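To start, the structure itself, in structure tokens.
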Amino acid sequence: MTLPHHYREILKGLGEDPEREGLLDTPKRAAKAMQYLCHGYEQSLEDIVNGALFTSDNDEMVILKDIELYSLCEHHLLPFIGKAHVAYIPTGKVLGLSKLARIVDMYARRLQIQENLTRQIADAIQDVTQAAGVAVVIEAQHMCMMMRGVEKQNSTMNTSVMLGAFRESNTTRMEFLQLIGRSK
Ligand SMILES: [Zn+2]
């Protein structure tokens, strides 16, 4: 059975009439939207990096902050939305900056929990760059918290994964947190 068929069943399950004018094309549209929101399943790390790894003797921290992040929680299929900040310390190879954002996007465009998303992004960057350290911080608001259940409208969830130098060195970690504006 196709995705539009299942959306039609969901409408019926909600007590709606899928034949009424406003809903006629909804199953098709909803299926298309959902497929777009999950298009990360069709991507791989190899496709995304696609040779954009360059030799460099830069061994200073590379940071990309405020990467817009849109994902879906795997528990409720509701969006969580926020920002990712990523950094790594190269050891001879640097990655095009847009590729960092695309790695974030590839994992975000799958069904996720924020903790795993953060970890997957960090591991992928580590894998690809063989960096001396990788840091990923995600701050996001979860619609499953805001629109239902406890209805905590203003709570932001923060997750971080620190690898290598970011884990071992306080100074390095503090520098990163300061640069993304998160140090106290
Ligand atoms: Zn949820």
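Note that the structure is a prediction, hence the values are computed from the model and not measured. Read the numbers this way: they start at 1 and go in the same order the structure lists the ligands and their atoms.
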Give me the protein N, O or S atoms that fall under 2.8 Å of the Zn ion (ligand 1), sorted by chain and residue number. C73 SG, H76 ND1, C144 SG
Any donor-acceptor pair under 3.5 Å linking the side-chain atoms of N170 with those of R173? yes
With no hydrogens and no angle check, do the side chains of Q112 and S71 hold a donor and an acceptor under 3.5 Å apart? no
Side-chain atoms of residues 126-141: list all donor-acceptor pairs with protein atoms under 3.5 Å, sequence neighbours left out, distances to 0.1 Å.
residue, atom, partner, partner atom, Å
Q126, NE2, A131, O, 3.1
T129, OG1, I125, O, 2.6
T129, OG1, A131, N, 3.3
Q130, NE2, D127, O, 2.9
E139, OE1, R182, NH1, 2.6
E139, OE2, H85, NE2, 2.7

Counting only heavy atoms not in D47 (residues, nucleotides, ligands), do more than 12 fall under 6.0 Å from its CG? yes
Tell me whether the count of non-hydrogen atoms from other residues, nucleotides or ligands lying under 6.0 Å of CD in E115 goes above 12. yes
N-O pairing of E16 and R8 below 4.0 Å: no
